[in-house]
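Some notes on the structure that comes next.
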Amino acid sequence: MSTPAAEHAPGHASADGIAARARGLTKAYGSGETTVLALDSVDVDITRGRFTAVMGPSGSGKSTLMHCLAGLDNVSAGQVWLGDTEITGLKERELTRLRRDRIGFMFQSFNLIPTLNAAENITLPMDIAGKKPDEKWLDQVIDTLGLRDRLKHRPAQLSGGQQQRVACARALASRPELIFADEPTGNLDSRAGLEVLSFLRNAVDDLGQTVVMVTHDPGAAAHSDLVLFLGDGRIVDEMERPTAEAVLERMRLFTGGNPQTPGFDVIRSQFEGDGPAPGAIPTADVTRDKD
Ligand SMILES: Nc1ncnc2c1ncn2[C@@H]1O[C@H](COP(=O)(O)OP(=O)(O)OP(=O)(O)O)[C@@H](O)[C@H]1O
């Protein structure tokens, strides 16, 4: 689980391309005395063809950052670009189209449609958009994810790991510029979680995709090329070629080992005795993988 990114082959795309960029990104919720500054003037570049993990204590702004970069949430101040397109200021309709055409999403809950089989779930976003899939690319995604013999199965006939692989294939199917994954392993046992992380890694290394993943798990973050650490709505540090141990150590510094700090319990229980071994995926809310 603690495979260092250094062992991974570099992605296909050139390192100088920027898939998404934010400058002075600020997001406040509420108003007056109850205002919460979820993001505080964040500057960030997401490099194309890389796997970036976003970590930080609970409430540090990870999901808000992802939502603002993906155009799912409007910003209070600052600017966000997807490639060369500035998305801040776009109308909802334009944003919807941009998300549909250029971004893939993977969430903790797989969000598969129970009445559709795996193949239909994978192509659903494109079917809704009236777009024909690139069959060669789709075949490559299906084979990379090992779903070839599961295409006719409905979600209920698939294990948790297989369902998440279908969700991964759906995110990749339209060959998006950028894939956002929010705790993609959060509902999986450690083996299925590991599989999904390997597939995301392969999507970057073999298919040249760009992935941004929000996670609480240092072991999951160790599959990335770069970890961004958020604290109180700011990027407070970053780590190239992370290992689970180094990320855990950084998270410890973060919380100052203070059990009162939000997120401390999660980190401590995962790594210090009463949780799984370092690098394991949290096993709460486990979905059995019958592979
Ligand atoms: N819709 C909302 N209304 C009000 N406050 C919000 C809203 N969404 C998020 N917040 C607040 O913004 C801050 C950042 O939240 P966010 O969900 O981005 O954190 P996070 O790092 O993803 O947390 P977690 O790890 O617990 O998911 C928190 O203080 C949160 O309470």
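Predicted, not measured: the structure shown is a model, and the values here were computed from it. Positions are given from 1 along the sequence. What you see below is based on every heavy atom in this structure, not just the backbone, and it leaves out hydrogens, waters and symmetry mates. Just follow the structure's listing: the first ligand is 1, and inside any ligand the first atom is 1.
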Please answer whether the main-chain N or O of N121 pairs with a side-chain N or O of R170 as donor and acceptor at a distance below 3.5 Å.
no
Could you pull out every protein residue that has a heavy atom closer than 4.0 Å to ligand 1, ordered by chain and then number?
Y29, V36, A38, P57, S58, G59, S60, G61, K62, S63, T64, H216
Sequence neighbours left out, what passes side-chain hydrogen bond (donor to acceptor under 3.5 Å, both in side chains) with D101? Give chain and number order.
K131
Between R23 and E86 (salt bridge meaning N to carboxylate O under 4.0 Å), is one present in this structure?
no
For R201, is there an ion pair with D206 - N to carboxylate O distance below 4.0 angstrom?
no
Does R99 come within less than 4.0 Å of E92, counting only side-chain N to carboxylate O?
yes
Any carboxylate oxygen within less than 4.0 angstrom of a Lys/Arg side-chain nitrogen, looking at E249 and R252?
yes
